[in-house]
Undergrad: 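Shown below is the structure under consideration.
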Amino acid sequence: MPPHLRAAYSIWRGFGSAPGPQLQLHGLAAAAASGAAAATASPSLHTFSTHASPSTDLDEEVVVIGAGVVGLAVARELALAGRGVLLLEAAGAVGTETSSRSSEVIHAGLYYPPGSLKARLCVEGRRLLYSFCAQHDVPHRKLGKLLVAASTAQVGALETLRAAAAAAGVPLQPLSSGQAQELEPAVRCAAALLSPETGIVDSHSLMAELHRQFEAAGGTTALHSRVEGGSVGGSAARLHVRDAGSGETVELAAGAVVNAAGLHAQAVAACLQGLPPASIPPLHLAKGSYFSLAPGALATMGLGGSPAGFHHLVYPLPEPGTAGLGTHLTLDLAGGVRFGPDVEWLPTGTDPAALDYRVSAERAAPFHAAIRSYLPGLPDGSLQPAYSGVRPKLVGPGRPAGDFVVSGPRQHGVPGLVSLFGIESPGLTSALALAQLVARRLEEPPEA
Ligand SMILES: Cc1cc2nc3c(=O)[nH]c(=O)nc-3n(C[C@H](O)[C@H](O)[C@H](O)COP(=O)(O)OP(=O)(O)OC[C@H]3O[C@@H](n4cnc5c(N)ncnc54)[C@H](O)[C@@H]3O)c2cc1C
């Protein structure tokens, strides 16, 4: 993240004394602004009364828990709709957890069961995201993806995928082996599909722009602010928020709450009294590690010319019974090549607050084998451990992946609360569509 943004995110916060504890927060606009004129034009010092009594004003106030890409998109959506929004983030900056550990791929929406939230929100979210990026200068590129059948035995599976994608309104162009090789000379396959709608995005710039718009619309961010308890279902929600600096806990009242805590969404839901525990789905964690290509490997593969490297994302067919999309090749906006993520189920009960994100070099051997099925020229020893992320899955190993869960009053019976569970891939692609869905669900009354 650029240093000037990091500095801007270091938002000052503290606690007043009278008439009771008060949480004072500067918006990003104020933190970033310099000079009296800018400060006058952007009076974004907000004071939230804690232990506030329920009021009409309070009904307009929403607390969003978690400032990953989804919480940021939700907070922006609600602030633009005129709600007073407080965004609480446990870490010292926005977007430091799963949202900064993804492949940064804008998915077309090929893989998800028809009618699922993943299928619908990926397609809607992709359209919204391309338009948002173009409108607000967020770096991105619609470079397309090759989906390759490594052997003739897999060609039928390509056709099945193409038919399912067409039914979902996602175009895929069939390619012969030769046509695929023209696009990517180092790739070998029996046949391929080209997905022209797939792209990549600079996720950090995206989150910075969402955050900027949120605060420009009057929203307020509190970093170092972890929700540790509270209650929902009364005339107002109450949240216990611990300040990481002082260790002090304050109680906030809010008209509505959105739980967008990612890997910690189940823990946050479980600490809210008044929410039926049966409405909280189980959590299964699946780590995904990435390897990058060592310097010089492109030249060894004959890809050192100009323009150098790969020009499309390259995916094998998804492996049935596994929780990932196969060991694929993705690119960043600078043309850097990385492979992954693989799937490593973490033991049941692993604490999402104590994850080990290191990538073991020992995992390189299965990566080499999987990648060579479509990239036979990959040189020995050319993979370097890069980074990893952890998927918040709702279904464990060996079973079909679960859908996103956006649990609102109709689902759990508590007014003014929406929780997001299982927001794994394609959560980045879907973030803007998820935000619109959350805004609608927040308004729903519980079932009679
Ligand atoms: C390996 C991997 C690769 C992926 N690749 C892609 C991809 O290419 N394309 C795509 O579309 N999607 C991809 N995804 C999915 C995407 O990254 C996620 O769906 C998305 O980032 C989830 O965002 P989030 O805001 O829900 O969660 P997070 O980014 O984890 O944000 C949650 C935030 O809540 C905060 N928080 C937690 N508990 C509390 C608390 N008690 N109080 C206050 N704050 C709290 C955390 O600090 C965190 O900042 C990938 C995911 C993984 C794991």
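Atoms within each ligand, like the ligands themselves, are counted from 1 in listed order.
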Undergrad: Give yes or no for whether the N/O distance cutoff of 3.5 Å, strictly under, is met between Ser430 and ligand 1.
TA: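 For ligand 1, there is no N or O atom that lies under 3.5 Å from one belonging to Ser430.
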Undergrad: On a heavy-atom basis, I'd like to know which of Ser388, Ala93, Ser99 is closest to atom 28 (P) of ligand 1.
TA: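 Ranked by closest heavy atom to atom 28 (P) of ligand 1, first place is Ser99.
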Undergrad: Where does the angle between the aromatic ring planes of Tyr111 and His107 fall among parallel (under 30°), tilted (30 to 60°) and perpendicular (over 60°)?
TA: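 The arrangement is perpendicular - the two ring planes meet at more than 60°.
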Undergrad: Can you tell me which portion of Leu88 lies within the under-4.0 Å heavy-atom range of ligand 1? Options are side chain, backbone, both, or neither.
TA: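 The answer is the backbone.
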Undergrad: With a 4.0 Å cut-off on heavy atoms, does Cys271 reach ligand 1?
TA: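 Cys271 does not count as a contact of ligand 1 under the 4.0 Å cut-off.
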Undergrad: If the cut-off is 4.0 Å to any non-hydrogen atom of Ala260, which atoms of ligand 1 fall inside it?
TA: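 Under 4.0 Å from Ala260, ligand 1 has these atoms: 32 (C), 34 (O).
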Undergrad: Run the salt-bridge test on Glu197 and Lys142 with the 4.0 Å N-O cut-off and return the result as yes or no.
TA: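 Yes.
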Undergrad: Check ligand 1 against Val268 and write out every atom of the ligand that is under 4.0 Å from a heavy-atom position of the residue.
TA: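 With Val268 as reference, the close atoms of ligand 1 come out as 41 (N).
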Undergrad: Pairs of nitrogen or oxygen atoms closer than 3.5 Å, one from Arg391 and one from ligand 1: do any exist?
TA: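 Min N/O separation from ligand 1 is not below 3.5 Å for Arg391.
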Undergrad: At less than 4.0 angstrom from any non-hydrogen atom of Ser103, what atoms of ligand 1 do you find?
TA: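 Result: 3 (C), 4 (C), 5 (N), 6 (C), 8 (O).
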Undergrad: Does NZ or CZ of Arg101 lie under 6.0 Å from the centre of the six-membered ring of Tyr387, at an angle within 45° of the ring axis?
TA: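 No; the conditions do not both hold, so Arg101 does not lie above the ring face of Tyr387.
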Undergrad: Just heavy atoms, cut-off under 4.0 Å: does His107 contact ligand 1 by side chain, backbone, both, or neither?
TA: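 Contact part for His107 vs ligand 1: side chain (C-beta onward).
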Undergrad: Check Cys122 against ligand 1 and report side chain, backbone, both or neither, counting heavy atoms closer than 4.0 Å.
TA: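 For Cys122, there is no contact with ligand 1 at all, from either part.
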Undergrad: N/O of Val390 under 3.5 Å from N/O of ligand 1, yes or no?
TA: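 No; the residue has no nitrogen or oxygen that sits under 3.5 Å from a nitrogen or oxygen of the ligand.
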Undergrad: Any N or O on His264 sitting closer than 3.5 Å to an N or O of ligand 1?
TA: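 Checking ligand 1 against His264, no N or O pair falls under 3.5 Å apart.
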Undergrad: Any nitrogen or oxygen of Thr98, side chain or backbone, less than 3.5 Å from one on ligand 1?
TA: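 Yes - when backbone and side-chain N and O of Thr98 are compared with those of ligand 1, one distance drops under 3.5 Å.
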Undergrad: Based purely on interatomic distance, does Thr429 place a nitrogen or oxygen under 3.5 Å from a nitrogen or oxygen of ligand 1?
TA: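 Between Thr429 and ligand 1, an N or O pair is found under 3.5 Å apart.
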Undergrad: Using side-chain heavy atoms (C-beta onward) and a distance below 4.5 Å, is Glu209 in contact with His136?
TA: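 A side-chain contact exists here, since the closest heavy-atom pair is under 4.5 Å.
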Undergrad: Between Ala90 and ligand 1, does any nitrogen or oxygen pair lie at a separation below 3.5 Å?
TA: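 Yes; at least one N/O pair falls below 3.5 Å.
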Undergrad: Using 30° and 60° as the class limits, which term best fits the ring planes of Tyr315 and His328: parallel, tilted or perpendicular?
TA: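 Aromatic pair Tyr315/His328 classed parallel.
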Undergrad: Looking at Glu444, I want to see if its CD is surrounded by more than 12 non-hydrogen atoms of other residues, nucleotides or ligands under 6.0 Å.
TA: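 Enclosed.
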Undergrad: For ligand 1, which atoms, with element, lie under 4.0 Å from some heavy atom of Val105?
TA: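 Selected atoms, number and element: 7 (C), 8 (O), 9 (N), 10 (C), 11 (O).
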Undergrad: Does an N or O anywhere in Val227 fall below 3.5 Å from an N or O of ligand 1?
TA: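 Right, the criterion is met.
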Undergrad: At a 4.0 Å threshold, what atoms of ligand 1 neighbour a non-hydrogen atom of Ile423?
TA: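 Every atom of ligand 1 under 4.0 Å from some heavy atom of Ile423: 18 (C), 19 (O), 22 (C).
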Undergrad: In terms of atom number and element, which parts of ligand 1 are under 4.0 angstrom from non-hydrogen atoms of Ser225?
TA: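 Result: 42 (N), 43 (C).
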Undergrad: Using a 4.0 Å heavy-atom cut-off, say whether Ala431 meets ligand 1 through its side chain, its backbone, both or neither.
TA: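 Neither; no heavy atom under 4.0 Å.
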Undergrad: What atoms of ligand 1 come closer than 4.0 angstrom to any heavy atom of Tyr290?
TA: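 Listed by number with element: 1 (C), 2 (C), 3 (C).
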Undergrad: Flag the pair Val62 / Val257 as yes when at least one side-chain heavy-atom distance between them is below 4.5 Å, and no otherwise.
TA: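 No - every pair of side-chain heavy atoms lies 4.5 Å or more apart.
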Undergrad: Identify the closest protein heavy atom to atom 47 (O) of ligand 1: which residue and atom is it, and at what distance?
TA: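 Ranking protein heavy atoms by distance from atom 47 (O) of ligand 1, first comes Glu89 OE2, 2.6 Å.
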Undergrad: Within ligand 1, which atoms have a heavy atom of Val70 less than 4.0 Å away?
TA: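 Those qualifying, in numeric order: 23 (O), 24 (P), 25 (O), 26 (O).
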